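Input: a single structure, listed below in structure tokens.
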Amino acid sequence: MSTEQSIGYMNVPVPKDINLPEEINRLRKEKNAVILAHYYQTGDIQDIADFVGDSLALAQWAAKTTADIIVLCGVHFMGETAKILCPDKKVLVPDLNAGCSLADSCPAPDFAEFVKQHPGHTVISYVNTTAAVKAVTDVVVTSTNARQIVESFPPETKIIFGPDRNLGNYINSITGRDMILWNGACHVHEQFSLEKILELKFQYPDAEIITHPECKQPIIEVSDFVGSTAALLKYTITSDKNQFIVATESGVIHEMQKQSPDKLFISAPPNDSTCACNECVFMRLNTMEKLYNCLKFELPEIYVDEEVQKKAIQPIRRMLEISEQLGL
Ligand code: 13P
Ligand code: SF4
């Protein structure tokens, strides 16, 4: 089936009188499917998923599932990572157009050329990359394990880090390394307004600013805590503070609020007050209707070229092995 036909099935009208959660549950059982969702999905999708997690957790769950079908409620590179790890399983994403501006900022041929221009360097890539970029990578990282994986290499190791310049700069600053960075960024995390965050801090002086390391340096500098999506969530659960200004995609506030119903979470505002730029447009393409269609038709499916898969699985496995050793 062509990609166009496959995309067509995503938008088949869903009968108005069906109970979507019930039907999704029925199909998931009938087909031995597992639903994995990222924290940036809408609340209804997070609530129905078998597992909700950050990029590292999604890869870890995909690697160990016994389900026949993996439905990855996230973006394309997350589906690709699951498919690379489980080439014999059917991996579906509710909307095949759910891309990632960060992965798009690093075209594989250009990155391969960049790697060629820096012989003798270890290549560390963020998981937010295409399978073809992972295929020219030595070890993949996520924001949860990037620091520890970089530090697992001797200090004199020459490293190329891509594609997120903000995460790369942050890791350089906390490890004292001098990694060569690819110049990529995420359109959501780059949009936060320092001015508006400081205004909020003035309004809520007791609130802590908590920030994802894909944000720009000035935001990181005024933050009380910097961490991956899962680390931010854990921080809000364990902290004795009751108010947080959250500088990452606002979807994670759903789980933060569920875990700490009495605490106040304020989504950090973007520069442009006319848009909801603290929501990832790609992540939000997935809907309950598309999730239902995806389970019903078993489409759209993620495919990865066999040669690329064989190369890309090595740096992902390396990441999972190091993470396991580190207890992450
Ligand atoms: P984590 O899931 O590693 O926190 O990454 C955030 C992100 O932007 C995912 O696309
Ligand atoms: Fe990509 Fe940014 Fe969306 Fe994450 S939030 S999927 S990095 S565009």
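These numbers come from a predicted model, not from an experiment. Atoms within a ligand are numbered from 1 in the order they appear, just like the ligands themselves.
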Practice prompt. Around atom 2 (Fe) of ligand 2, find the nearest protein heavy atom and jot down its residue, atom name and distance.
Written response: Cys186 SG, 2.3 Å
Worksheet item: Looking at ligand 1, does any of its N/O atoms fall within less than 3.5 Å of an N/O of Ser228?
Response: no
Practice prompt. Return yes or no for this condition: an N or O of Asn128 is under 3.5 Å from an N or O of ligand 1.
Written response: yes
Practice prompt. Name the option, out of Leu233, Thr229, Thr248, that contains the heavy atom nearest to atom 4 (O) of ligand 1.
Written response: Thr229
Worksheet item: Less than 4.5 Å apart, any side-chain heavy atom of Leu96 and any of His76?
Response: yes
Fill in: Identity and separation of the nearest protein heavy atom to atom 3 (O) of ligand 1
Ser143 OG, 2.7 Å
Worksheet item: Which residue supplies the protein heavy atom nearest to atom 7 (S) of ligand 2, what is that atom called, and how far is it?
Response: Asn128 ND2, 3.1 Å
Worksheet item: With a 4.5 Å limit on heavy-atom distance, are the side chains of Asn128 and Asp164 in contact?
Response: no
Worksheet item: Just heavy atoms, cut-off under 4.0 Å: does Tyr39 contact ligand 1 by side chain, backbone, both, or neither?
Response: neither
Discussion item. Tell me if a side-chain donor or acceptor on Trp182 pairs with a main-chain N or O of Ser125 at a distance below 3.5 Å.
Written reply: no
Practice prompt. Scan Thr248, Thr211, Asn278 and name whichever one has a side-chain contact (heavy atoms from CB on, under 4.5 Å) with His189.
Written response: Thr248
Worksheet item: Should Glu199 and Lys196 be marked as a salt bridge (charged side-chain N to carboxylate O under 4.0 Å, His left out) after you check the CA-CA gap, both sets of side-chain angles, and the distance that decides it?
Response: CA-CA 5 Å; Glu199 272 169 28; Lys196 289 181 186 167; over 6 Å; no
Fill in: Carboxylate-amine/guanidinium proximity below 4.0 Å for Asp224 and Lys241
no
Discussion item. Within the 4.0 Å heavy-atom shell around Asp54, which atoms of ligand 1 are there?
Written reply: 2 (O)
Worksheet item: Around atom NZ of Lys263, are there more than 12 heavy atoms of other residues, nucleotides or ligands at under 6.0 Å?
Response: yes
Worksheet item: Does Glu249 come within less than 4.0 angstrom of ligand 2, counting non-hydrogen atoms of the residue?
Response: no
Worksheet item: When you look for heavy atoms under 4.0 Å from ligand 2, do you find them on the side chain of Glu214, its backbone, both, or neither?
Response: side chain
Discussion item. Under 4.0 Å from a heavy atom of Met78: which atoms of ligand 1 are those, numbered in the order shown and with their elements?
Written reply: 9 (C), 10 (O)
Practice prompt. Write down the atom of Val52, the atom of Tyr39, and the distance for their closest heavy-atom approach.
Written response: CG1-CD2, 3.5 Å
Item to complete: Answer side chain, backbone, both or neither: which part of Tyr126 comes under 4.0 Å from ligand 1, heavy atoms only.
Response: side chain
Worksheet item: Short N/O distance, under 3.5 Å, between Thr142 and ligand 1?
Response: no
Worksheet entry | Any N or O of Glu214 closer than 3.5 Å to N or O of ligand 1 | yes
Worksheet item: Is there a donor-acceptor contact under 3.5 Å from the side chain of Gln60 to the main chain of Leu328?
Response: yes
Worksheet entry | Part of His38 within contact of ligand 1 (heavy atoms, under 4.0 Å) | side chain
Discussion item. Test your reading of the structure: does Thr144 have an N or O sitting under 3.5 Å from an N or O of ligand 1?
Written reply: no
Worksheet entry | Close-contact set for ligand 2 against Ser101 heavy atoms, below 4.0 Å | 8 (S)
Fill in: Protein heavy atom at shortest distance from atom 3 (Fe) of ligand 2
Cys280 SG, 2.4 Å
Worksheet item: Nearest protein heavy atom to atom 1 (Fe) of ligand 2, by residue and atom, and its distance?
Response: Cys100 SG, 2.3 Å
Item to complete: Identify the two heavy atoms, one from Phe282 and one from Gly99, that lie closest to each other, and give their separation to 0.1 Å.
Response: CB-O, 3.1 Å
Worksheet item: Does Lys310 pair with Glu306 as a salt bridge, N-O distance under 4.0 Å?
Response: yes
